[in-house]
Amino acid sequence: MAQKNIIYDAQTRETTVVDYTSEEQAVYDDYNSTEKVTARKLEQVKAIRLTKLRETDYLANSDVTMPDNIKTWRQSLRDLPQNNTTEEQYDALLARDDDGNLTNSIWSKP
């Protein structure tokens with residue numbers, strides 16, 4: 001399906017809708033290819049995972065004893081990429097409630 005550009009002329013205050021050029025359509029299609037969308041979702045998962053791991057990095061210091069439940073949770077976070085490989089799994093990991101909070105239980109610190 002051809003995408004549309006909306007062009008607004010501030011002088012005449014008129015809006016025109018035109019089809020993407022073939023080059024614009026190719027860029028759009030490439031950006032929205034399944035492989036690239038899946039890769040972007042994986043990057044989002046990894047960024048959230050890194051944030052969560054950093055929140056508990058202080059527990060990995062030699063003068064602190066990390067509780068077993070935190071060790072297990074951190075390992076589960078590190079295992080996310082190899083345990084979740086489809087776009088549907090990434091969607092489940094990235095699901096948010098109406099307030100924008102992540103809903104998947106993996107993100108909840110024990």
Side-chain angles (χ1 to χ4, degrees):
M1 181 177 154
Q3 299 301 310
K4 307 284 185 183
N5 273 328
I6 300 172
I7 302 168
Y8 178 73
D9 186 329
Q11 289 182 328
T12 64
R13 296 184 177 159
E14 292 181 8
T15 302
T16 307
V17 179
V18 295
D19 287 339
Y20 274 13
T21 65
S22 58
E23 294 84 13
E24 290 170 328
Q25 188 67 47
V27 168
Y28 177 87
D29 291 341
D30 180 56
Y31 181 80
N32 290 298
S33 69
T34 302
E35 298 82 22
K36 290 197 176 179
V37 169
T38 302
R40 284 194 302 274
K41 288 179 181 183
L42 175 58
E43 290 305 313
Q44 289 177 328
V45 167
K46 288 180 176 181
I48 295 166
R49 175 190 68 170
L50 181 59
T51 299
K52 297 294 184 180
L53 287 169
R54 285 182 175 164
E55 289 173 1
T56 56
D57 275 350
Y58 72 94
L59 293 171
N61 291 336
S62 61
D63 61 339
V64 178
T65 303
M66 186 182 301
D68 287 340
N69 62 336
I70 297 294
K71 286 180 189 177
T72 302
W73 178 67
R74 286 173 57 90
Q75 186 60 53
S76 296
L77 290 176
R78 288 191 296 274
D79 292 342
L80 281 176
Q82 60 265 24
N83 292 341
N84 298 276
T85 57
T86 66
E87 186 174 355
E88 292 77 24
Q89 290 171 320
Y90 299 149
D91 287 339
L93 289 168
L94 296 169
R96 294 181 182 266
D97 62 18
D98 292 338
D99 295 326
N101 301 311
L102 293 163
T103 58
N104 194 293
S105 61
I106 190 68
W107 304 122
S108 300
K109 189 175 3 174

A quick test of your reading: do over 12 heavy atoms of other residues, nucleotides or ligands sit less than 6.0 Å from [atom1] of [X]?
X   : atom1 : value
I6  : CD1   : no
R96 : CZ    : yes
D98 : CG    : no

How close do [X] and [Y] get, heavy atom to heavy atom, and via which atoms?
X    : Y    : answer
P110 : W73  : CD-CG, 3.4 Å
Y8   : T15  : CD1-OG1, 3.4 Å
L93  : W107 : O-NE1, 2.7 Å

Which value, rounded to the nearest 0.5 Å, describes the distance between [X] atom [atom1] and [Y] atom [atom2]?
X   : Y    : atom1 : atom2 : value
R78 : K52  : CZ    : NZ    : 16.0 Å
L77 : T56  : CG    : OG1   : 7.5 Å
L80 : L42  : CG    : CG    : 9.5 Å
L53 : L59  : CG    : CG    : 11.5 Å
N69 : K109 : CG    : NZ    : 10.5 Å
I7  : E14  : CD1   : CD    : 12.0 Å

Exercise for the section: Keeping the roles fixed (side chain from D97, backbone from D99), state whether a donor-acceptor pair exists under 3.5 Å. Expected result: yes
Exercise for the section: Report yes if the side chains of V18 and K4 come closer than 4.5 Å at any heavy-atom pair, otherwise no. Expected result: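 In short, these two side chains do not touch, never coming nearer than 4.5 Å.
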Handout entry: Residues which pass side-chain hydrogen bond (donor to acceptor under 3.5 Å, both in side chains) with T86, listed by chain and number, not counting sequence neighbours
Key =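 Partners of T86 under the side-chain hydrogen bond (donor to acceptor under 3.5 Å, both in side chains) test: Q89.
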Handout entry: side-chain hydrogen bond (donor to acceptor under 3.5 Å, both in side chains) contacts in which one or both residues fall within residues 41-51, not counting sequence neighbours
Key =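 Output for this query lists K41-E87, K41-D91.
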Listing, residues 23-31 side-chain donor-acceptor contacts under 3.5 Å, not counting sequence neighbours, or none:
residue: E23; atom: OE1; partner: T21; partner atom: OG1; Å: 3.4
residue: E24; atom: OE1; partner: N5; partner atom: ND2; Å: 3.1
residue: E24; atom: OE1; partner: T21; partner atom: N; Å: 2.9
residue: E24; atom: OE1; partner: T21; partner atom: OG1; Å: 3.4
residue: E24; atom: OE2; partner: N5; partner atom: ND2; Å: 3.3
residue: Q25; atom: OE1; partner: Q3; partner atom: N; Å: 2.9
residue: Q25; atom: NE2; partner: D29; partner atom: OD1; Å: 3.0
residue: D30; atom: OD1; partner: K36; partner atom: NZ; Å: 3.3
residue: D30; atom: OD2; partner: K36; partner atom: NZ; Å: 2.7

Practice task
Verify the cluster assignment for V17 and Y20: are they in a single hydrophobic cluster under the rule of side-chain heavy atoms below 4.5 Å apart?
Solution key: no
